[in-house]
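Indexing begins at 1, ligand by ligand and atom by atom, following the structure's order. FYI, side chains are in, hydrogens and waters are out, and symmetry mates aren't considered; it's all heavy atoms of this structure.
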Amino acid sequence: RIRAAAEKALLGLEVCCFICCCCLFWLWQIGHGYRRRSIWIIILMMMILIVQMMLMSQRLLLLRRCSSSALSGFDTGVLHSSGGPRGLVVAWVEPPALPPRLPMPASTAAAIGKLPALGLPPLPLAPSPSSNVTSESTFTSMLLFSLTIMATVVFHWLDYLIFALVLLISASIGIAYHRQRSSKDIFLGSRQMTLMPVTFSVMASFISAISILGTTAEVYQSGVQYIILGISYFLAFPITAEVYMPVLYRNRVLTAQHYLELRFSSAVRTAASIVFCIQMFFYQAVVLYASAITFQQVTGLSFPLTMVLTGVVCTFYTALGGIKAVMWTDLVQMIIVFVAFCTLVVMATMEVGGFERVFEMAAAGDRLNFFNFNPDPTVRHSFWTLLFGGTGMCLTIYSANQAQLQRYLSCSTESVARRAIYLQMPLTFLFLCFLCLAGLVIYAFYSDCDPLLSGDIVKRDQLLPALVVRLFSARPGVTGLFVSCIFSASLSTVSSGINSLSSVVLEDLIKPWQPNLTERAAGWAARVLAVVLGLSTVGIGFLATNLPATVLQIVLSLFGIVGGPLLAVFSLGILVPWCNRYGALTGLLASLATTLGFSIAALIDPPPPDHRVFGTEGCYNGTDASNYTISTEHYSNWTVTTASLVARQRPVHWLSYLYYTPLALLVAMATGLAVSALTGFNRAK
Ligand SMILES: O=C(O)CCCC[C@@H]1SC[C@@H]2NC(=O)N[C@@H]21
């Protein structure tokens with residue numbers, strides 16, 4: 001313990017010294033004429049520091065595991081130590097396997113067998129030390145959980161190499177584009193961007209660890225019907241390309257909100273900018289959180305460290321290179337994500353017995369449920385909610401979000417922007433198909449023992465990393481590939497988010513009050529803002545540890561609750577020529593109040609989960625049959641509550657979260673038109 005504390009203190013000291021040196025060096029460089037070589041020195045120092053942090057953090061965790069097993073009286077393994085290249089600890093050897101599983105008592109099996117017939121999820125396993133952690137779902141439990149698995153997962157040098165290469169590529173592109181001077185360069189790449197980077201950047205900006213972890217978890221727990229969302233792409237993207245994008249492009253604005261000032265008033269612009277900032281802040285935080293939990297699970301690095309690492313790397317290249325760096329790194333990162341993820345899915349499919357076996361298991365577990373035509377709007381996912389709600393959700397992302405609109409505005413011509421939207425459409429759909437396949441592979445692997453119920457993981461979002469660790473931890477390079485994929489997906493999203501946030505804060509919130517800001521000063525302000533906003537996002541990311549649902553559902557709800565009203569105000573501007581500034585402002589606020597009201601009501605009185613049955617028969621360790629009795633008692637309360645929820649008349653606030661955007665559109669249109677009529681339509685001054 002003393003050694004661990006000393007190592008920690010040393011690491012802290014090292015990080016502080018490094019940051020101070022970098023700042024001093026940077027200031028000195030600015031004072032003495034900037035030289036490109038100096039950046040490489042900083043990058044090199046950073047790489048050394050990162051590798052050092054990784055090695056030290058692993059050593060710390062092994063030390064901690066060693067001391068905690070000694071303290072708890074369990075002597076579960078043997079720690080082999082030597083002065084090998086990895087530092088203090090070289091290997092952790094597990095004790096002999098537990099005695100074979102005993103058959104489950106017949107009475108217990110019968111009781112458990114009846115549960116699915118009642119439409120209820122199966123029995124959770126007996127409370128074990130790890131499943132106690134499951135129920136906590138707090139930041140502390142995440143840390144505890146990480147401690148239990150960290151020592152068993154050892155990142156091979158090849159994994160580190162792959163990962164370091166990915167980091168190096170992103171950072172170098174940032175450096176290559178560091179010469180952006182004005183805010184127009186930094187935010188719109190001087191309006192010279194070409195088809196390829198724009199296409200991949202449009203795709204990458206909203207495909208992060210959230211889509212990867214969340215979609216796979218969604219398919220695992222509720223089946224493949226989520227793929228219907230892909231059909232909504234074929235509605236939403238053409239609408240974006242033909243209706244929303246041209247209006248914004250032709251107005252030659254620097255931010256999307258600027259259009260709202262031209263069309264309505266500065267008050268509408270300011271209100272919309274604040275709403276956008278709130279949305280993006282929380283979104284970025286969840287993206288960082290999602291990649292950090294994967295990172296922690298696979299590499300063994302601590303959760304706070306991975307949060308800071310992700311945040312710092314993308315803040316660095318965003319602040320340095322502006323949108324050009326962001327878009328070119330997006331291109332590289334998206335290629336890495338695509339290739340790495342598809343390779344992994346195919347490899348995992350082979351590991352679990354091939355495509356046929358995956359689909360067989362999925363069919364047996366009722367996961368091949370493509371079509372649910374139930375028109376009830378309170379059904380979380382049905383064909384209709386996914387199609388219409390999904391179209392609305394995609395429109396909030398692709399038609400009314402500065403992060404995307406910035407990409408269209410940076411194109412050399414309108415036709416490039418339009419072609420980019422159409423080109424990324426099939427690619428995004430293809431990626432969704434791979435995500436759904438990955439969800440089915442997870443199901444095939446865990447169909448007889450749900451890892452959440454068995455206490456192997458603490459959140460559903462950890463299903464995919466858990467599978468990768470189980471299947472590939474012995475194969476050098478594969479886990480590195482997976483982490484690089486998650487990391488690249490998140491870097492591209494967070495960097496786009498930081499760049500768009502700083503553009504909105506500078507152009508829509510600061511410049512109207514400081515109109516005399518010179519171009520050079522604005523360029524520097526943009527960089528400082530990127531650093532401040534990037535680091536603040538890391539701070540907020542720590543709050544994301546207590547989320548009540550999967551990261552995907554949380555973020556898609558956020559897009560509906562906050563992005564829906566934003567889409568509504570753009571739609572009022574573009575589609576409703578009679579709407580005036582009063583109508584637009586009231587429409588925005590009324591729709592925001594409505595979506596917020598619905599979501600708060602759903603949080604207070606949540607709908608019952610619509611998950612399918614999870615397998616547990618394979619998890620029974622059989623050492624103590626009385627565990628089941630304890631669980632049955634514990635479970636009966638839950639059963640009664642859930643059964644009463646299922647039987648209850650479904651209230652309106654159980655509205656599917658995917659319908660928040662259509663709801664916002666309806667409310668904004670109605671109030672916007674009514675208020676415009678009352679205030680004399682466009683005659684109002
Ligand atoms: O991944 C994220 O950061 C947020 C989720 C955004 C969902 C959109 S819908 C279109 C595109 N396809 C996906 O699979 N994810 C994004």
Side-chain angles (χ1 to χ4, degrees), residues 199-219 224 226-237 239-240 279-294 310 314 330 333-334 337-338 341-342 345 381 385-401 403-404 421 424-439 461 464 485-498 500 537 541 544 547 549-560 562-564 567 657-658 660-661:
T199 304
F200 281 90
S201 187
V202 168
M203 200 181 159
S205 302
F206 284 87
I207 292 184
S208 70
I210 295 177
S211 289
I212 299 177
L213 305 184
T215 307
T216 49
E218 170 63 37
V219 172
V224 79
Y226 187 78
I227 205 166
I228 301 295
L229 184 80
I231 303 179
S232 75
Y233 298 172
F234 295 89
L235 286 176
F237 293 131
I239 297 177
T240 302
Q279 177 191 6
M280 288 308 272
F281 244 127
F282 285 108
Y283 171 52
Q284 307 292 309
V286 185
V287 176
L288 276 183
Y289 161 77
S291 54
I293 56 168
T294 312
T310 324
C314 56
D330 281 355
Q333 285 161 351
M334 212 55 227
V337 171
F338 227 101
F341 189 75
C342 299
V345 174
H381 283 172
T385 56
L386 285 160
L387 184 66
F388 297 122
T391 306
M393 186 272 293
C394 287
L395 285 176
T396 67
I397 298 176
Y398 294 89
S399 300
N401 189 302
Q404 286 296 15
I421 297 172
Q424 61 84 42
M425 182 166 72
L427 292 177
T428 308
F429 180 71
L430 186 67
F431 192 63
L432 180 69
C433 295
F434 271 98
L435 289 173
C436 292
L437 177 61
D461 297 314
L464 182 65
C485 163
I486 296 284
F487 203 74
S488 300
S490 295
L491 276 188
S492 57
T493 303
V494 177
S495 58
S496 309
I498 294 174
S500 64
T537 312
L547 298 174
T550 60
V551 281
L552 184 69
Q553 182 159 335
I554 294 292
V555 158
L556 297 192
S557 306
L558 180 73
F559 288 155
V562 190
L567 173 71
Y657 70 99
L658 285 171
Y660 287 161
T661 301

Between F559 and Y660 (judged by ring centroids, cut-off 6.0 Å), do the two rings come close enough to count as a pair? no

For the rings on F338 and F434, is their centre-to-centre separation under 6.0 Å? no

By side-chain hydrogen bond (donor to acceptor under 3.5 Å, both in side chains) - contacts of S495 (at least two apart): Y317

Of all residues at least two apart in sequence or in a different chain, which pass the ring-ring contact (aromatic ring centres under 6.0 Å, His included) check with F429? F234

Would you please name every residue forming a side chain to side chain contact (heavy atoms under 4.5 Å, CB included) with T240, sequence neighbours left out? L395, Y398, S399, Y408, I421

Report every pair formed by an N or O atom of ligand 1 and a protein N or O atom separated by less than 3.5 Å, giving atom names and the distance to 0.1 Å.
{"residue": "ligand 1", "atom": "1 (O)", "partner": "F206", "partner atom": "O", "Å": "3.3"}
{"residue": "ligand 1", "atom": "1 (O)", "partner": "S208", "partner atom": "N", "Å": "3.0"}
{"residue": "ligand 1", "atom": "1 (O)", "partner": "S208", "partner atom": "OG", "Å": "3.3"}
{"residue": "ligand 1", "atom": "1 (O)", "partner": "S211", "partner atom": "N", "Å": "3.0"}
{"residue": "ligand 1", "atom": "1 (O)", "partner": "S211", "partner atom": "OG", "Å": "2.5"}
{"residue": "ligand 1", "atom": "3 (O)", "partner": "S208", "partner atom": "OG", "Å": "2.5"}
{"residue": "ligand 1", "atom": "3 (O)", "partner": "Y283", "partner atom": "OH", "Å": "2.5"}
{"residue": "ligand 1", "atom": "12 (N)", "partner": "Y233", "partner atom": "OH", "Å": "2.8"}
{"residue": "ligand 1", "atom": "15 (N)", "partner": "S211", "partner atom": "OG", "Å": "2.8"}

Main chain of V551, side chain of D461: is a donor-acceptor contact present, judged purely on distance under 3.5 Å? yes

